[in-house]
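Below: the structure, in structure tokens.
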Amino acid sequence: MKKIVVVGAVGGGATVAGQIRFYDPDAHIVVFDRESTMSYAACGTPYVIGGVIEDERSIIMTDPEKFKKKRDVNVKLQHEVLKIDREGKKVHVRNLVTGEQFQESYDALILSPGGSAVMPDVKGMESSKVFSLRNYEDMQRIDQFIKTQQPKNAIVSGGGFIGLEMAENLKHLGLNVTLVHKSPTIMSILDTDISLLIEKELALQGVKLLTGTTIEKTEGKTVTLGNGIDLQADFIIMSIGLKPSTQLAEKAELNIGETGGIQTNEFMQTNDPSIYAIGDASENFDMVTGDPKRVPLASPAHRQAFIVAQHLTGNKLAKKGLLGTSVLKVFSLTAAMTGLNEQSIKDKNLQSATVTHTGNSNAGYYPDHAQITLKVHYNPETRKILGAQCIGGKGVDKRIDVIVTAIYAGLTVDDLQALELCYAPPYSSPKDPINMIGYKAITK
């Protein structure tokens, strides 16, 4: 009987344990996690805080008792794995409640430790109410503070996914929200022109945006920025980045890649073939360029969990790489992207051309339609698609999903005009925006 130990019981960890059980009914599986809650939808936490999701327990998929009953997997929460003994194939574990320490042996070890919020060194921060949102308990702390203290003014530091989602949800609660971002434009994974459309939406919705600056110091409710501006805030949400939790791997002398994640091969194995790494802390490779890439999102983690489960049960199914496909709701707008953006194309000195189409999500004469802008980068010689972005109202995610499929299948930008996509007035047009990109590309 094979014994498998998993470190981490949230997205990737819980998923890989369940997947292994599906393919191997006899394996002995043990999962350890520092937290007190397992298998929760971390992506849903801003919407719990904003009151969009009314029942916070609804984002918890299961608990140790249910998981044991359904999957026959032993989950031990509030247990920290302190050390990996690679030679002895054991992990050293501490029960965070009792302080007891013990060892657990393994035939295969899967690391899914996630990451922690980056907290900047800000003078006086201990005098202010400062939160980060990385786990279920962080969500509860923020939610409890808002409900009991009834704050009026909030500052969100960081204009990435969590920062923007928190800005929207805090605004939804009626708070005055200021978003502070270090770079000249928000959402650095997007092209500047797409980011500027999001900034316009924030202004229309009453979110004050200050770019090109950071929080320099705080004194109670007074927050001083690097540009000299003083703001008043009842609390601050820090969302400036995610640091992968690689300390355990580093102590075990597992290779850490240039992106800061645990280096893995196409089967998610580390430099120790009996140890795998998945999720936010793992480094894989870019599907377009082959360069090292780390994507701290739920979909890649679930895919990686499947690949590990397949590999452990005898099916060597290789991962083809990461695209970083993502989507974001910002009030009335949706923004989505996949593959390389303009800056990464420039940084890698790749040949590229771009086709952009702005049109309706579906038939303009149909009452429920919205404007969308679809932008596709491609290699002008090979015609292969390098990346794409889309922003607007309804149907944005659908268009990027088609582009993802085209990249995966090796289609060219010219092939997009030939795709026979769904059409009816409520859903699209006879020539979908995807088709229009293909038609425009052929003329270039």
Side-chain angles (χ1 to χ4, degrees), residues 1-33 38-39 61-62 67-68 70-75 84 86 89 91 104-114 249 252 254-255 257 261-325 338 401 404-411:
M1 180 188 295
K2 187 179 290 184
K3 185 174 182 182
I4 297 161
V5 171
V6 182
V7 179
V10 188
T15 301
V16 76
Q19 288 278 308
I20 293 167
R21 172 59 70 231
F22 183 81
Y23 294 107
D24 185 350
D26 300 319
H28 178 46
I29 309 169
V30 182
V31 183
F32 297 106
D33 199 295
M38 71 170 290
S39 194
M61 304 298 108
T62 190
F67 208 52
K68 173 66 175 175
K70 186 176 181 179
R71 300 293 188 195
D72 190 23
V73 172
N74 296 313
V75 178
I84 302 168
R86 287 171 52 186
K89 284 198 168 185
V91 291
E104 193 83 42
S105 63
Y106 65 84
D107 295 308
L109 175 64
I110 303 165
L111 303 179
S112 182
L254 299 177
N255 292 341
I262 305 166
Q263 206 171 59
T264 64
N265 64 11
E266 68 272 31
F267 304 115
M268 306 311 300
Q269 289 171 297
T270 66
N271 53 295
D272 184 328
S274 63
I275 303 177
Y276 300 76
I278 62 175
D280 296 356
S282 70
E283 176 184 280
N284 212 210
F285 57 92
D286 190 291
M287 187 183 292
V288 177
T289 66
D291 296 332
K293 193 179 185 78
R294 186 174 61 85
V295 179
L297 294 172
S299 293
H302 283 258
R303 173 65 179 162
Q304 291 161 2
F306 174 72
I307 287 169
V308 171
Q310 288 285 295
H311 195 257
L312 282 171
T313 53
N315 183 14
K316 293 186 177 182
L317 181 67
K319 185 167 178 57
K320 291 192 175 182
L322 296 163
L323 286 172
T325 307
T338 192
D401 284 344
V404 170
T405 306
I407 294 174
Y408 192 88
L411 301 184

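What you are looking at is a predicted structure, and each value in this text was computed from that prediction instead of being measured. The first residue of the sequence shown is numbered 1, and numbering continues consecutively from there.
Scored by the side chain to side chain donor-acceptor pair (under 3.5 Å) test, Gln263 finds no partners at all (sequence neighbours excluded). Evaluation of the salt bridge (charged side-chain N to carboxylate O under 4.0 Å, His left out) rule for Asp291 yields Lys348 as partners, not counting sequence neighbours. Taking the side-chain contact (heavy atoms from CB on, under 4.5 Å) definition, one finds that Ile275 meets it with Ile84, Arg86, Tyr106, Leu109, Leu111, Leu254, Thr270, Asp272, sequence neighbours left out. With sequence neighbours excluded, the residues satisfying side chain to side chain donor-acceptor pair (under 3.5 Å) with Glu104 are Lys3. The side-chain contact (heavy atoms from CB on, under 4.5 Å) test applied to Asp280 returns Arg134, Leu242, Pro296, not counting sequence neighbours. Annotation: side-chain contact (heavy atoms from CB on, under 4.5 Å) contacts of Ser282 (sequence neighbours excluded): Thr264, Met268, Ala277, Gln304. By the side chain to side chain donor-acceptor pair (under 3.5 Å) test, Ser299 pairs with no residue at all, sequence neighbours left out. Residues forming a side-chain contact (heavy atoms from CB on, under 4.5 Å) with Lys68 (at least two apart in sequence, or on another chain): Asp72, Asn74. By the side chain to side chain donor-acceptor pair (under 3.5 Å) test, Asp286 pairs with Lys293, sequence neighbours left out.
At distances below 3.5 Å, at least one donor-acceptor pair connects side-chain atoms of Asn271 with backbone N or O atoms of Asn255. Judged by distance alone, the side chain of Asn284 and the main-chain N or O of Asn265 form a donor-acceptor pair under 3.5 Å.
Taking the side chain as every heavy atom from C-beta outward, Leu317 and Phe306 approach each other to under 4.5 Å. Using a 4.5 Å heavy-atom cutoff, the side chains of Lys70 and Thr62 are not in contact. Looking only at side-chain heavy atoms (C-beta outward), Val73 and Val75 come within less than 4.5 Å of each other.
Identified under the side chain to side chain donor-acceptor pair (under 3.5 Å) test for residues 312-324, with sequence neighbours left out: Gln310-Asn315. Among pairs with a residue in residues 4-17, none fulfils salt bridge (charged side-chain N to carboxylate O under 4.0 Å, His left out), at least two apart in sequence or across chains. Within the structure, ring pair (Phe, Tyr, Trp, His ring centres under 6.0 Å) pairs that include any residue of residues 273-303 comprise Tyr276-His311 (at least two apart or interchain).
For Tyr23, the OH atom counts as densely surrounded, since its 6.0 Å shell holds more than 12 non-hydrogen atoms of other residues, nucleotides or ligands.
Summarising the geometry of Met1 relative to Asp26, their closest heavy-atom pair is CG-O, 2.9 Å, with the distance given to 0.1 Å. The two residues Ala17 and Ile29 make their nearest non-hydrogen contact at O-CD1, 3.7 Å. Nearest heavy-atom pair across Asp33 and Ala9 is OD2-N, 2.6 Å. The minimum heavy-atom distance between Gly11 and Thr15, with the atom names listed, is O-OG1, 2.6 Å. Closest heavy-atom contact between Gly114 and Ala281: O-CB, 3.4 Å. When all heavy atoms are compared, the tightest approach of Ala309 to Val16 is N-CG2, 4.4 Å.
For the atom pair CG (Leu312) and CG (Asp24), the distance works out to 9.0 Å, reported to the nearest 0.5 Å. Distance check, rounded to the nearest 0.5 Å: CD1 of Ile407 to OG1 of Thr325 gives 7.0 Å. Rounding to the nearest 0.5 angstrom, the gap separating the CD atom in Gln269 from the CD1 atom in Ile110 is 11.0 Å.
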